[in-house]
Amino acid sequence: MNPLSEIRARFSTTLSGMVDESDNLLAMIRPAGDSKFGDYQANCAMPLGKQLGRSPREIASEICESVQLDDLCQKVEIAGPGFINLTIDDAWLKRGLTAALVDDRLGVTRVSEPKTFVIDYSSPNVAKPMHVGHVRSTFIGDAISKVLRFVGHTAISDNHLGDWGTQFGMIIYGYKNFLDEAAYQQEPVAELGRLYKYVRKLMDYHAAAKRLPELQAAQEELKGKQTDLESTDSQGDKKAEKQLKKQLRQLRSKMEDQAEAVAGLEAKILEVTSDPELEKDAVAHPNINQNAQLETAALHEGDATNQGLWEEFLPLCRQDMQKIYDRLDIKFDYELGESFYHNELANVVSDLTDKGYTKESDGAICVFLDNHNAPMIIQKRDGAYLYSTTDLATIQYRMEKWNADACLYVVDHRQSEHFEKLFDVARLWGFDEVELAHVAFGTVMGPDGKPYKTRSGDTVGLSGLLDEAENRALEIATNQNPELTEDRHREIANVIGIGGLKYADLSHNRGSDYEFSYEKMLALRGNTATYLQYSYARVQGILRRTEADVDAIRTNPGEFIFENDVERQLGLKLIRFGEALDEVLVEYKPNVLCNYLFELSQLFAQFFDKCSVKDANSEDLKKSRLQLCDLTARTIRGGLELLGIGVLDKM
RNA sequence: GCCCCGAUAGCUCAGCUGGAUAGAGCAAUUGACUUCUAAUCAAUAGGUCGCAGGUUCGAAUCCUGCUCGGGGUGCCA
């Protein structure tokens, strides 16, 4: 039991005796903002005073008298307008630490009402190389799943692969037209990748060639508008002048965007025209865009050839993708891709239609929603289904198969509108008990503050990114400890390289965009995975040097002694691990756990500096410090494990 | 046009279901290694929390308006 939930439990009866709804008042009990006020503070007396029309301080003292805190808090004070400041009793704290020390779960209790969560994350398109954008979904989803499981919930992770979409039409088209048979025999995945990129280039070329004149015309139009605006005389009217300036500014930014778009198109065109072979094929395949789409349609309609090719390609692509997951040490319980649901799509539409929720509009089958202007389209005019249809089929499956209490979608925040509609339709359809949540995340930015791209404007491939992270980590490891063997260096590089990447991502608030930087990710100082891993390794160093018997420490603990204030602070932090995990799950934010582990490591570093274990001035003190060390190491390791990050005994 | 999100130290970011003097890391300056790992610690400096109003005992946090930026917006995913 962590202190916060214990305090809340004690306050609960008193508060619920005073008002009908006490949950929000309990939420106002929190860690103290400033340690000089104690360890925790209860802020509920102020709103309560207002609600009951009495003095907050009076209420506060009434609460303090009624709540049984004798054994839990050594100091309870009322301050300011009516804050109740609580200081945890040292004896209680020490008992908690002992309980954590002897417990494999570090004293974290399981939830009393376990629920079943389905977490949908990663979900890349197979056959397209994974890129930096997949990183966030994968890491965040994995961390949330692990935390859910640790606190006692059932978490079913499901990688909703894009294995049925247009990219297969493209590969099939490539296979039928541009296959290098020998290469395919030798390295099928590489050849399929090449075909995808080749067809992509040709399609982009034709699309760009078609779009470019339109864009250029639009550009001219804007230029004309600019000239008009510039020659407009505001005739001294300040308001009009301001308006004019604003319009001009907006126009310029629009023109910049357009210039960028034109440059992008020109680059796509140049890529083809600068390569004679590509250019030849571009000329020979003028309708490649439509034809690739036809291949997709044929696949979806069960065309035997395309179906056969898809069945041949899919395992190959998945194997390739698996290599990345292996490097990242990410596993899924299920990988039910879009193809898994394709036979259900017609039923989804007919069922919704039978129940009277759909409406035909411009030939498409739609579900109109009160709070959205645009409907959710579930079947296109040409009869094809959309990903909204698949998503509905997926919800239905997850409810029928797992009877989920909650489905979490760890997906880019740009799709928030899609999910709002999806959830609305699902509830309308009858799935109104389940918690449906879009766990949205922001974009990974480059150093220019724009979405992270390579210099040529392509998204950054994930396998190259991992290589780079590990190579840089290897260099650091080699420089830092030249005496170790190369194998050791590689092992260290793997753990700090991949760990650094994960931590850099997870330590940011998931909702925000963040700027990606190898330097910061692997920095030797600061709030990084390395810092936490280093703290862990230092503990292991202490345990080695003092020849401590950790099994004995854990099975036969001695008393905890707080000689130095930092020992108490470290101890308090340690028994608050469970609080951090609870907090992570309130809004599904792994960065809360990162912050906790960072603060824990900082306290340990202070402890390390001030409190020698080896030279402790009594055996009892030494034992107490060893216990703090062991618990610190296990908490850091356990916490990092939940984030999918490894540790090293030496680094 | 409409909808959503953001703006916090020089930089990168926490904090946002209202709480006491707004935090961290980096960068800058200073100090600490014959000491359990200096991949560390200690200290200094750095802020009109985009602007203007409002709500109240109390606002970075809630509301309104504005400025700037990003994203989305019926048949892509």
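None of these values were measured; they are calculated from a predicted model. Proteins come first, then strands; the chains are lettered A, B, ... in the order of their sequence lines, and each starts at number 1. Just so you know, these numbers use all the heavy atoms, side chains as well, and skip hydrogens, waters and symmetry mates.
- Residues that satisfy the side-chain contact (heavy atoms from CB on, under 4.5 Å) test with V76(A), not counting sequence neighbours, are C64(A), L69(A), C73(A), I84(A), L86(A).
- Checking the phosphate oxygens (OP1, OP2) of C36(B), no side-chain nitrogen or oxygen of R538(A) falls inside 4.0 Å.
- Look at K50(A) and you'll find a side-chain N or O under 4.0 angstrom from OP1 or OP2 of C57(B).
- For R488(A), the salt bridge (charged side-chain N to carboxylate O under 4.0 Å, His left out) partners at least two apart in sequence or on another chain are E491(A).
- Ranking A39(B), U73(B), A38(B) by closeness to the T530(A) side chain, first place goes to A39(B).
- When the side-chain contact (heavy atoms from CB on, under 4.5 Å) test is applied to S61(A), the partners found at least two apart in sequence or on another chain are I78(A).
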For this session: Go ahead and write out RNA chain B as dot-bracket, 5' to 3': ( ) for pairs within the strand, [ ] for ones crossing earlier pairs, | when the partner sits on another strand, dots for unpaired; Watson-Crick or G-U wobble, both distances under 3.5 Å.
Result: (((((((..((((.....[...)))).(((((.......))))).....(((((..]....))))))))))))....
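- Residues of residues 380-387 of chain A having a heavy atom closer than 4.0 Å to RNA chain B, listed by number: K380(A), R381(A), L386(A), Y387(A).
- Partners of E519(A) by salt bridge (charged side-chain N to carboxylate O under 4.0 Å, His left out), not counting sequence neighbours, listed by chain and number: R472(A).
- Remark: T443(A) pairs with H413(A), M445(A), P451(A), D513(A) by the side-chain contact (heavy atoms from CB on, under 4.5 Å) rule, at least two apart or across chains.
- Residue pairs meeting the side-chain hydrogen bond (donor to acceptor under 3.5 Å, both in side chains) criterion with at least one member in residues 595-607 of chain A, sequence neighbours excluded, are K573(A)-E599(A).
- Residues that satisfy the side-chain hydrogen bond (donor to acceptor under 3.5 Å, both in side chains) test with D120(A), not counting sequence neighbours, are S123(A), R398(A).
- Stacking annotation: Y531(A) is not stacked on the base of A39(B) (requires ring centroids less than 5.5 angstrom apart and an interplanar angle below 30 degrees).
- Of all non-hydrogen atoms in V539(A) and C629(A), the two that sit nearest each other are CG1-O, 3.3 Å.
- Checked against side-chain hydrogen bond (donor to acceptor under 3.5 Å, both in side chains), T632(A) has no partners two or more places apart in sequence or in another chain.
- Remark: ring of F598(A) does not overlap the six-membered base ring of A24(B) in a stacked fashion, as centroids less than 5.5 Å apart with planes less than 30° apart are not both met.
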Filtered N/O pairs between nucleotides 7-17 of chain B and protein, under 3.5 Å:
| unit_1 | atom_1 | unit_2 | atom_2 | d |
| --- | --- | --- | --- | --- |
| U12(B) | O4' | K520(A) | NZ | 3.4 |
| U12(B) | O2' | K520(A) | NZ | 3.4 |
| C13(B) | OP1 | E515(A) | N | 2.6 |
| A14(B) | OP1 | N509(A) | N | 3.1 |
| A14(B) | OP1 | S512(A) | OG | 2.9 |
| A14(B) | O2' | N595(A) | ND2 | 3.1 |
| G15(B) | OP2 | N509(A) | ND2 | 3.0 |

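- Residues meeting the side-chain contact (heavy atoms from CB on, under 4.5 Å) test with S624(A), sequence neighbours left out: F560(A), I561(A).
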